[in-house]
Amino acid sequence: MTAEKTEAGAEISAEARMEFLLGLRQRGIRDTNVLRALEQVPRERFVGEEQVALAFADRALPIDCGQTISQPYVVAAMTEALDVRPAHKVLEIGTGSGYQAAILAHLAKSIVSIERYRTLADEARSRLAELGLANVTVLVGDGTEGARDYGPFDRIVVTAATPEIPKALTEQLAAGGILLAPVGPHDGVQMLTRFEKGSSGKLAAEELMAVRFVPLVAGKAASL
Ligand code: SAH
């Protein structure tokens, strides 16, 4: 299959899109706002041309700089667990393709997303602009430092594996806020963990499911 937008291609794509949504429902995604956001964001625009045929398969796919766009089910489950409301300010660490940021853009007031590779940040920024998602700010930098000038955030989502939550992120989480991150070793399986910040500032952790993410690497990438 080619990436060309032929009529036949568009038909296949509509079918694939429906199956994709059905699959998410079957796997337990219930939040209709989350499902609608996944329906509205064209995942094929976030992958390379050679991956377009696989854009609606429920799997992670390679993107530039040796990174990956997450599996749609994981994006949906994470978005659901984040419990995003229309008034929320959200921080994402690890922009990657910009897909998760695009989903969040449909649900929250504003998104700040940080990526350590300039190439990925630039590509994501232009995709998001093409889709008219003007409430996302993509920054190049080290996400382990958060984005102090833009905080505090109602929700923080880390989309790269980390053995522990960087202190700057818990500091930039508002009281009552939720932080979601794949906690565990860089090589192997992590536990997607949901942290809720109480009024005393203490975090309550809840383990959600096993996931596999590329590592969170401190520092901005030297090249690319
Ligand atoms: N959310 C992305 C997928 C994330 S892949 C999507 O929807 O496509 C993880 C991303 O985190 C990679 O692009 C990687 O470069 C980035 N990353 C890793 N460490 C980082 C850091 N310290 N700061 C910012 N981005 C980081």
Side-chain angles (χ1 to χ4, degrees), residues 34 37-38 40-48 51-52 54-82 84 90-108 111-128 131 133 136-148 150 153 155-170 172 179-187 190 192 211-224:
V34 171
L38 271 114
Q40 282 169 344
V41 176
R43 191 168 185 257
E44 70 275 19
R45 301 274 287 268
F46 292 82
V47 299
Q51 309 282 354
V52 167
L54 294 172
F56 285 92
D58 192 20
R59 47 182 278 194
L61 294 170
I63 56 173
D64 286 346
C65 306
Q67 306 302 314
T68 52
I69 174 173
S70 310
Q71 178 191 351
Y73 168 70
V74 172
V75 173
M78 285 177 78
T79 308
E80 194 168 59
L82 210 54
V84 180
V90 182
L91 173 66
E92 179 192 27
I93 309 304
T95 314
S97 67
Y99 181 66
Q100 172 77 77
I103 301 289
L104 292 168
H106 283 274
L107 299 166
I111 321 295
V112 174
S113 185
I114 311 178
E115 172 55 54
R116 65 191 289 271
Y117 284 105
R118 181 170 298 280
T119 306
L120 292 177
D122 288 347
E123 286 171 359
R125 206 180 281 122
S126 60
R127 286 182 186 123
L128 293 161
L131 294 172
L133 299 172
V136 185
T137 304
V138 179
L139 306 174
V140 180
D142 179 3
T144 64
E145 292 169 10
R148 207 166 290 280
Y150 295 82
F153 298 95
R155 299 291 185 260
I156 299 181
V157 58
V158 182
T159 64
T162 180
E164 49 196 45
I165 307 300
K167 194 160 165 274
L169 300 186
T170 57
Q172 291 168 36
L179 183 153
L180 201 62
V183 180
H186 279 171
D187 50 344
Q190 304 92 34
L192 182 64
V211 288
R212 201 181 274 267
F213 274 84
V214 296
L216 182 73
V217 182
K220 204 159 68 177
S223 61
L224 293 170

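Residue indices begin at 1 and follow the sequence shown. First listed ligand is number 1; within each ligand, the first listed atom is number 1.
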Quick one: does Arg45's side chain have a donor or acceptor within less than 3.5 Å of a partner on Arg127's backbone?
-> no

Worked check of side chain to side chain contact (heavy atoms under 4.5 Å, CB included) between Thr119 and Glu123 | CA-CA 6 Å; Thr119 306; Glu123 286 171 359; 3.7 Å; yes

Looking only at non-hydrogen atoms, the one of Asp142, Thr159, Thr95 nearest atom 6 (C) of ligand 1 is Thr95

Do side-chain atoms of Glu92 reach the backbone of Ile111 as a donor and acceptor pair under 3.5 angstrom?
-> no

Which atoms from ligand 1 have a heavy atom of Tyr117 less than 4.0 Å away?
-> 15 (O)

Glu92 neighbourhood, listing ligand 1 atoms whose heavy-atom distance to it stays under 4.0 Å | 1 (N)

Nearest protein heavy atom to atom 23 (N) of ligand 1, by residue and atom, and its distance?
-> Gly143 N, 2.7 Å

Just jot down the ligand 1 atoms closer than 4.0 angstrom to any heavy atom of Leu120, in number order.
-> 13 (O)

Ligand 1 to Leu216, heavy atom cutoff 4.0 Å, flagged ligand atoms 18 (C), 19 (N), 20 (C), 21 (C), 22 (N)

For atom 14 (C) of ligand 1, the protein heavy atom that lies nearest, with its residue and separation = Gln67 OE1, 3.3 Å

Donor-acceptor contact present, side-chain Arg116 to main-chain Gly143, <3.5 Å | no

Where does Cys65 meet ligand 1, judged by heavy-atom distances below 4.0 Å: at the side chain, the backbone, both, or neither?
-> neither

Any idea which atoms of ligand 1 are less than 4.0 Å away from a heavy-atom of Ile69?
-> 8 (O)

Between Arg118 (side chain) and Val140 (backbone), is there a donor-acceptor pair under 3.5 Å?
-> no

Could you list which atoms of ligand 1 come closer than 4.0 Å to a heavy atom of Val214?
-> 5 (S), 9 (C)

Tyr73, OH: over 12 other non-hydrogen atoms inside 6.0 angstrom | yes

Quick one: look up the protein heavy atom nearest atom 5 (S) of ligand 1 and list residue, atom name and how far away it is.
-> Thr68 O, 3.2 Å

Donor-acceptor contact present, side-chain Thr159 to main-chain Gly94, <3.5 Å | yes

Stepwise, does the side chain to side chain contact (heavy atoms under 4.5 Å, CB included) test hold for Leu91 with Ile114?
-> CA-CA 8 Å; Leu91 173 66; Ile114 311 178; 4.0 Å; yes

Atom 11 (O) of ligand 1 - nearest protein heavy atom and its distance = Gly94 CA, 3.2 Å

Can you tell me if Gln190 uses its side chain to pair, donor with acceptor, with the backbone of Thr162 under 3.5 Å?
-> no

Is it possible for you to check whether Arg43 lies under 6.0 Å from the centre of the six-membered ring of Phe56, through NZ or CZ, and within 45° of that ring's axis?
-> no

The option among Glu145, Glu115, Arg116 carrying the non-hydrogen atom nearest to atom 16 (C) of ligand 1 is Glu115

Measuring from the heavy atoms of Pro215, does anything fall under 4.0 Å of ligand 1?
-> yes

Looking at Ser97, which atoms of ligand 1 are within less than 4.0 Å of one of its heavy atoms?
-> 6 (C), 7 (O), 8 (O)

With a cut-off of 4.0 Å, which atoms of ligand 1 are near a heavy atom of Gln100?
-> 1 (N), 7 (O)

Do the side chains of His186 and Pro163 get nearer than 4.5 Å, heavy atoms only?
-> yes

Could you tell me the residue and atom name of the protein heavy atom closest to atom 22 (N) of ligand 1, and the distance to it rounded to 0.1 Å?
-> Val217 O, 2.6 Å

